[in-house]
Every structure is written in structure tokens, then in C-alpha cells.
Amino acid sequence: MEHGFLWRVRRKLTLSYIFIGFVPILLIAVFFLLCGLLLFFNVSSYLVQSRVNALVDETRFLAEATAIELEQTSDDASFDEVLTRRQEAASARYHGASLVVVPTLRMCGPPNATPGRTVNRPLLSGAWAHLDAPTSLPGWVTCEGYAGLLAYQAPPTGAAAIRESPLWRTHLAVRAVALPADATPRYAVIVDVPVTAATGLQLENETGIELGDISTLGMTATDVVPVTGRAIEEDTPAPATRARLTWMTFLDDSHGVTGQTGNVVIAIVLNVTDIYRRISATPLTQIGNYSVGQLLLILLMVVGALFLIIQTVAFVMGLSLARSITGAVHELATGTEHVRRGDFTHRISVNSADQLGDLAESFNSMTASVEEALQQKAEKERMEQELRIARRIQMSLLPQGPLRLEGLSVTAHCEPAREVGGDYYDYLPLGDKRVGIIIADVAGKGTSAALYMAELKGLMLSLSQLYTSPRELLLAANRIIAQHLDARSFITMTYAVVDMCARTLTYARAGHCPLLYLPGAGSGPLAAERKVQVQVPDGLVLGLKIDNGERFESLLEEVTLRLGVGDVVLLFTDGVSEAMNAEGEPFGEERVAALLGEHGDLPFEELRERILREIRAFVGDTGLQDDLTLVLMKVDEVAAPAHL
């Protein structure tokens with residue numbers, strides 16, 4: 001009850017200070033700040049649009065006046081003289097202004113008895129440094145003419161003339177088109193006034209607004225007129241010394257060839273101090289170095305700062321008071337609540353050296369110990385779960401169940417020493433009563449050996465389709481494995497091809513355990529002896545990075561055995577022969593051979609289980625120290641076909 005009371009008091013005090021004092025002041029400040037910014041932005045956009053519209057109107061007037069004056073000329077000399085004079089006047093007023101008279105033929109009314117002057121080719125006047133001068137009048141321009149903005153792209157000085165380059169910038173020009181007041185005008189006057197840095201400087205001097213980057217809306221990159229072979233010199237912006245804000249304004253523009261309309265977005269940089277000075281300019285007498293408007297602004301800022309300071313101090317004092325009353329008890333209550341929910345990561349801050357501080361330290365020590373124990377338990381469970389999943393995946397890569405081929409029975413057993421292992425065996429059907437038998441052992445145990453085992457399966461599946469000879473397959477496998485296997489690892493393997501048509505077993509051994517062969521009762525001269533043959537042909541392990549595989553190739557042997565009914569072949573890994581009992585004695589290859597010779601006449605599956613029982617009995621409680629894998633093959637008698 002006491003804890004609930006203290007918590008309610010603290011919460012009420014904190015919320016009261018926030019909602020009564022801080023939130024209203026914050027909302028009022030944000031409201032007036034947004035209103036001021038909106039006012040500045042809208043006024044600035046209006047000033048830019050008004051100035052651009054005025055420039056459009058002036059350009060239109062220049063084009064119409066030039067067309068009227070050219071219409072009144074009587075000869076070519078006068079025509080050129082008027083064009084030159086108008087160009088000089090325009091250049092003196094607008095930096096980069098250019099004129100051109102292009103031939104055209106429009107029907108703007110009933111034809112006159114006396115046609116007007118005819119222009120056979122474009123007559124240029126001016127530099128036309130920003131765009132290529134038009135050579136004809138676009139079809140979308142009507143008899144009333146046209147005046148508006150034109151967007152175009154150009155690279156800065158020294159940039160490569162690649163239109164897709166990020167160095168290309170969008171620029172603006174004002175274009176006006178005027179036609180003579182004739183029913184069938186034979187020419188048109190086109191005037192371009194580029195919006196240059198000088199134009200932006202003039203606008204900044206008049207309004208305090210600086211023009212920034214330009215981009216287009218409603219037009220793709222191909223709809224903006226490109227400029228090739230020209231570069232626009234970029235002006236280095238002066239360092240900002242006053243408060244500046246960035247905004248944007250929207251203007252309409254048209255494509256110079258198609259007449260397609262779109263929008264141009266111009267970034268504008270506002271000099272807040274300069275704009276306020278222009279708005280608040282008053283003819284009243286100044287007081288010292290400040291005007292009345294500036295003094296009122298300073299007074300407003302001082303009052304606002306004092307109000308903010310007082311409000312902040314009051315808010316901090318209220319929070320400190322609430323925390324000093326209920327802080328320690330609240331921290332302990334919060335910590336116990338976290339523990340109740342099972343969150344042992346929470347820690348209590350120790351801010352005092354009294355009994356509450358000692359209690360907080362004891363609480364932190366307890367939760368830290370519990371948290372560490374839980375983390376260790378969770379990590380162990382996660383690792384065990386991942387290893388169980390990996391074991392299921394690895395076991396799924398091995399053959400599921402025994403192999404049944406006419407005249408041949410094959411069974412196997414694989415038992416990793418850990419959750420996953422590096423032993424591998426497989427049956428590879430080769431067609432025409434042929435099957436490939438693989439048994440391999442990757443050096444090491446655990447996840448690394450299991451990963452190499454999975455890679456080995458894919459490699460052998462591919463190579464078995466390419467090579468019919470076990471020796472050739474192992475040579476190819478060694479070349480590949482030696483390039484990718486870790487220098488501290490290697491692989492032992494025996495690969496055998498059983499051909500039931502030819503009744504042969506052909507195999508090659510790459511440093512693996514011996515092959516045990518027990519002849520059957522009908523296997524020729526060897527059958528009389530009925531003795532286990534320990535086959536150990538030469539061969540190095542796979543994956544050694546020595547002499548480019550030449551020694552591996554020279555030592556590797558391929559052996560072919562003739563198979564008869566009742567023959568038994570046993571392949572195994574060193575986990576069988578090196579299984580140790582409590583005294584450290586290995587099971588040994590001799591015991592394996594003796595087991596096969598003694599019980600070779602047992603039924604097939606029973607023979608496999610007898611070998612496994614003997615090994616487990618020998619090991620006892622010691623457990624397996626290495627992965628245990630064996631493959632057992634037996635040649636069966638083929639039933640004679642039935643006769644009708």
C-alpha cells in the first residue's frame with residue numbers, strides 16, 4: 001500500500017509539471033515558429049514567382065517589339081540593323097540574351113494580296129551560349145506567339161559531356177516567340193534570356209532570396225532539352241554568414257520542341273535576417289544603431305529567453321522533488337517487478353551509501369548471477385538443438401536402408417561419435433547392373449568434418465557419372481579436394497565399382513582402412529581356403545598439397561576381384577578398428593577380420609549386428625572415441641528364370 005501511494009504521488013507530480021507547465025509552452029513555441037516559417041516561405045515563393053513572371057513579360061515585350069520593328073523595314077540592311085540593335089539593347093539589360101529570326105509559314109487569317117517579308121534561313125543575333133539556336137518554329141506555337149520558361153541540361157566547366165552524369169545540372173531560360181501581325185507570317189522572332197548567376201544575384205539584392213538547384217517534375221530526362229558541347233560555369237557560393245533556410249518554389253515550363261508542359265522546382269535559400277529587415281523597415285527615427293523594429297525583436301527575444309529559463313528551472317525543481325521523495329523505493333519496486341516477469345537484466349542504480357544502497361547492491365548481484373546462469377543454459381540448449389538438426393540433416397544425406405541389386409545385397413551402419421561426424425558412405429547406381437560403393441573418413445570430428453562430408457557427397461555424385469574407373473575418379477577427386485581442403489585436413493576413401501554382369505569388384509584405396517574379403521563356397525580356388533583376405537593396395541590420402549598430386553597418382557593402385565556366390569566384402573572406417581576399451585586397448589583390424597571369418601556364414605543382417613555387438617561389448621562404458629561406419633556386401637545366388 002505504501003509503495004502504491006508513493007508511486008501515485010510521484011506520477012501525479014511529474015505529470016502535473018509536464019502538462020501544466022512544459023507542454024503548453026512547447027506547443028505555443030512550435031505553433032509560432034511554424035507560422036513564422038510558413039510566412040517566410042510563402043512570401044519568398046511569391047517574390048521569386050513574381051520576379052520570374054516579370055522577366056517573362058519583359059522577354060515577351062522584347063520579342064513583340066522586335067517583330068513589329070522588323071515588319072516595318074524595307075530592305076535587308078535595315079532588317080539586319082534592327083536585329084543587331086535589338087540584340088545589343090537586350091544584352092545590355094539581360095546577361096546572355098540571344099535573338100534569332102527563323103523562317104516559318106503560318107495561316108493566321110485570310111491571305112494578303114501583298115505577302116510580307118520572307119526569311120529563307122535562320123538569322124542569329126547574340127552568342128546563344130546556353131542552347132543551340134532554333135532553326136525553325138515548333139509546330140505547337142500558335143499565331144499569338146509564346147512566352148514562358150524552358151528547362152535544359154548542361155554540364156559545368158570541365159565535366160564530361162555525358163548526359164547521365166551526375167555532374168549535369170538543370171538550368172532555366174525564358175523564351176518568347178513573336179510573329180509579325182500578318183495573315184501569313186513568313187518568319188518568327190525567338191528571344192532567349194537565360195536565368196544566370198547574374199539574374200540570381202539581382203534577385204538576391206532585391207529580395208534577399210538566393211536561387212539554388214533546379215529540378216523538373218512531370219518530365220523525364222529525355223523531355224528536358226540537352227546541351228552538348230557546352231559547359232555552364234558554376235559559381236562558387238559565398239560562405240553563409242547569417243541564418244539561412246532552404247525552401248522550394250514551383251514554376252511552369254515547356255519543352256522547346258514538343259511543347260509538353262511540366263513543373264520546375266527551384267530551391268531557394270532564405271536569408272531570414274535580411275528578409276525580416278526588409279519587411280520591418282520603417283522610416284521612424286533610429287535609437288542608437290537600431291531601428292524600432294529591431295529593438296522590439298530584441299525585447300521579444302529577451303522575454304522569451306527569460307520565460308524559457310524560468311519554466312525550465314521550475315520543471316527541474318519539481319522533478320527533483322518528486323524523485324527525492326519516492327526514488328529509492330520506486331527503483332526497488334521496479335526491479336522486483338522485472339524479476340517477477342523473468343527479466344534479470346534490469347539493474348538498480350545505487351545513489352546512496354545507506355541501507356537502501358546496500359539492498360540495491362545485493363539485488364543487482366543476485367540478478368546478475370541468475371542472468372548469467374540462464375544465458376549459459378539457453379546457449380547450451382540452442383547449441384544442442386542446432387546439433388540435433390545438423391545430425392538429422394547429415395543422416396538424411398546417407399542412403400536410407402540397404403541396397404538390393406540382383407545378385408548383390410549391401411547394408412551399412414554409421415554412428416557419429418558426437419552429434420555430427422565426418423564419416424561418409426554411399427551407393428551410386430551406375431546402370432547395367434553396376435553400382436558404386438563409397439566409404440570415406442574426413443580427418444577430425446564435429447561440425448567441420450560434417451561440412452566437408454556434405455561437400456564430398458556432391459563431388460562424388462558428379463564424378464561417378466564422369467569416370468568408370470575407381471582410380472581415375474580418385475585422381476580427379478584429389479585434384480579438386482587439394483585446392484579447397486584446409487591444409488590441416490585430409491580425407492581417406494575407398495571407392496569400389498561392383499559389376500554384376502561381369503561378376504567383378506574393382507576398387508581403389510586412398511589411404512583408407514583395408515578391405516576385408518571373405519570368399520564364398522563357390523568362388524574358385526580361394527573358396528577352399530575360406531579365409532579372410534586383407535586387401536591393402538597402395539594409395540595416399542586425398543587432399544594433400546604436395547607435388548601437384550604426382551606422388552598421389554604414382555602410388556594409387558586399382559584392384560579387381562572376381563566375385564562368386566557367398567562372397568562377403570567388408571569396408572569400414574578407423575572408428576571400428578580403433579575403438580578402445582577402458583584400458584586403452586584398440587579393437588584392431590585382426591579382431592574385425594576374425595569376426596568376419598568366424599561368422600561369415602550368418603544371415604546378412606545378423607552378421608552386421610553381430611559385428612556391432614562385439615564392438616560395443618569391447619568398448620563398454622568408455623563410449624566411441626571416433627565415428628564408426630561399416631559397409632557390408634554379400635554376393636547372392638541369382639535365381640534361374642522360370643520356364644513356361
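Just so you know, these numbers use all the heavy atoms, side chains as well, and skip hydrogens, waters and symmetry mates.
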- Using a 4.5 Å cut-off on heavy atoms from C-beta on, say whether the side chain of R509 contacts that of Y495. no
- Atom pair CG/OG of L473 and S462 - distance to nearest 0.5 Å: 10.0 Å
- Task: Apply salt bridge (Lys or Arg N to Asp or Glu O under 4.0 Å) to E578 and list each qualifying residue two or more places apart in sequence or on a separate chain.
- Result: none
- Task: Could you tell me whether K634 and D567 have a side-chain N and a carboxylate O separated by less than 4.0 Å?
- Result: no
- Item | Minimum side-chain heavy-atom gap I438-Y425 below 4.5 Å | no
- Query: What distance do S464 atom OG and D426 atom CG have between them, rounded to the nearest 0.5 Å?
  - Reply: 8.5 Å
- Query: Considering residues at least two apart in sequence or located in another chain, which fulfil the ring pair (Phe, Tyr, Trp, His ring centres under 6.0 Å) criterion with F618?
  - Reply: F587
- May I ask you to decide if L556's main-chain N or O and R471's side chain share a donor-acceptor pair within less than 3.5 Å? yes
- If you look at every heavy atom in G543 and I481, which pair is closest and at what distance? CA-CG2, 3.9 Å
- Message: Tell me whether K433 contacts the main-chain N or O of C501 through its side chain, where contact means a donor paired with an acceptor under 3.5 Å.
- Response: no
- Item | Full working for salt bridge (Lys or Arg N to Asp or Glu O under 4.0 Å) between E606 and R610 | CA-CA 6 Å; E606 187 177 341; R610 181 59 181 262; 6.0 Å; no
- Say whether, by atom type as modelled, one donor and one acceptor occur between the side chain of N581 and the main chain of E583 under 3.5 angstrom. yes
- Task: Determine yes or no for a side-chain-to-main-chain donor-acceptor pair under 3.5 angstrom, with T504 supplying the side chain and M500 the backbone.
- Result: no
- Given the rule in the side-chain contact (heavy atoms from CB on, under 4.5 Å) test, do L456 and M493 qualify, once you have shown the distances and angles that lead to the verdict? CA-CA 11 Å; L456 182 62; M493 180 190 298; 3.7 Å; yes
- Message: Under the criterion side-chain contact (heavy atoms from CB on, under 4.5 Å), I'd like the reasoning laid out for V265 against I214: C-alpha separation, chi angles, the key distance, then a yes or no.
- Response: CA-CA 6 Å; V265 182; I214 302 170; over 6 Å; no
- Distance-minimising heavy-atom pair for L518 and G600: CD2-CA, 3.7 Å
- Any donor and acceptor pair, going by atom type alone, linking the side chain of Q400 with main-chain N or O of L398 inside 3.5 Å? yes
- Item | Interatomic spacing from CD in E415 to CG in L612 - rounded to 0.5 Å | 7.5 Å
- Query: Are a donor atom and an acceptor atom from the side chains of D441 and T492 found within less than 3.5 Å of each other?
  - Reply: no
- To the nearest 0.5 Å, how far apart are CG in L505 and CD in Q535? 9.5 Å
- Message: Check E553 with R479, please: is the shortest side-chain N to carboxylate O separation under 4.0 Å?
- Response: no
- Just wondering, do D627 and C414 contact through their side chains at under 4.5 Å, heavy atoms? no
- Message: Could you tell me if the side chain of R503 sits less than 4.5 Å from the side chain of V635, heavy atoms only?
- Response: yes
- Nearest non-hydrogen partners of L542 and A510, listed with the distance: CG-CB, 4.1 Å
- Output, in order, the C-alpha distance, side-chain angles, deciding distance and verdict of side-chain contact (heavy atoms from CB on, under 4.5 Å) for V497 and T468. CA-CA 8 Å; V497 175; T468 58; over 6 Å; no
- For the pair R608 (side chain) and T411 (backbone), establish whether a donor and an acceptor sit closer than 3.5 Å, ignoring hydrogens and angles. no
- Query: Where the side chain of E558 meets the backbone of A508, is there a donor-acceptor pair that is under 3.5 Å apart?
  - Reply: no
- Locate the shortest heavy-atom distance separating L544 from N478; write the atom from each residue and the value. N-OD1, 4.3 Å
- Query: Nearest heavy-atom pair of D538 and L555: which atoms, and what distance?
  - Reply: CB-O, 3.2 Å
- Would you say the side chain of V559 lies within less than 4.5 Å of the side chain of T506, judging by non-hydrogen atoms? no
- Would you check if the side chain of H512 reaches a backbone N or O of F572 as a donor-acceptor pair within less than 3.5 Å? yes
- Message: Using every non-hydrogen atom in the two residues, find where A593 and V532 come nearest and quote the distance to one decimal.
- Response: O-CG2, 3.5 Å
- Item | Point-to-point distance, once rounded to the nearest 0.5 Å, from CG of L408 to CG of L563 | 8.0 Å
- Measure the spacing between CG of L474 and CG of L463 and express it to the nearest 0.5 Å. 9.5 Å
- Are the side chains of Y427 and V410 in touch, meaning some heavy atoms are under 4.5 Å apart? yes
- Taking the side chain as every heavy atom from C-beta outward, state whether I611 and L570 have any atom pair closer than 4.5 Å. yes
- Query: Between the side chain of T629 and the main-chain N/O of T573, is any donor-acceptor distance below 3.5 Å?
  - Reply: no
- Query: Going through the checks in order, is the side-chain contact (heavy atoms from CB on, under 4.5 Å) test met by I615 and L628?
  - Reply: CA-CA 10 Å; I615 295 174; L628 183 150; 3.8 Å; yes
- Item | salt bridge (Lys or Arg N to Asp or Glu O under 4.0 Å) between R616 and E609, intermediate numbers included | CA-CA 10 Å; R616 292 191 181 102; E609 295 302 320; 5.1 Å; no
- Task: Please check if atom CG in D432 has more than 12 non-hydrogen atoms from other residues, nucleotides or ligands closer than 6.0 Å.
- Result: no
- Query: Is there a side-chain contact between Y424 and K457, using heavy atoms and a 4.5 Å cut-off?
  - Reply: yes
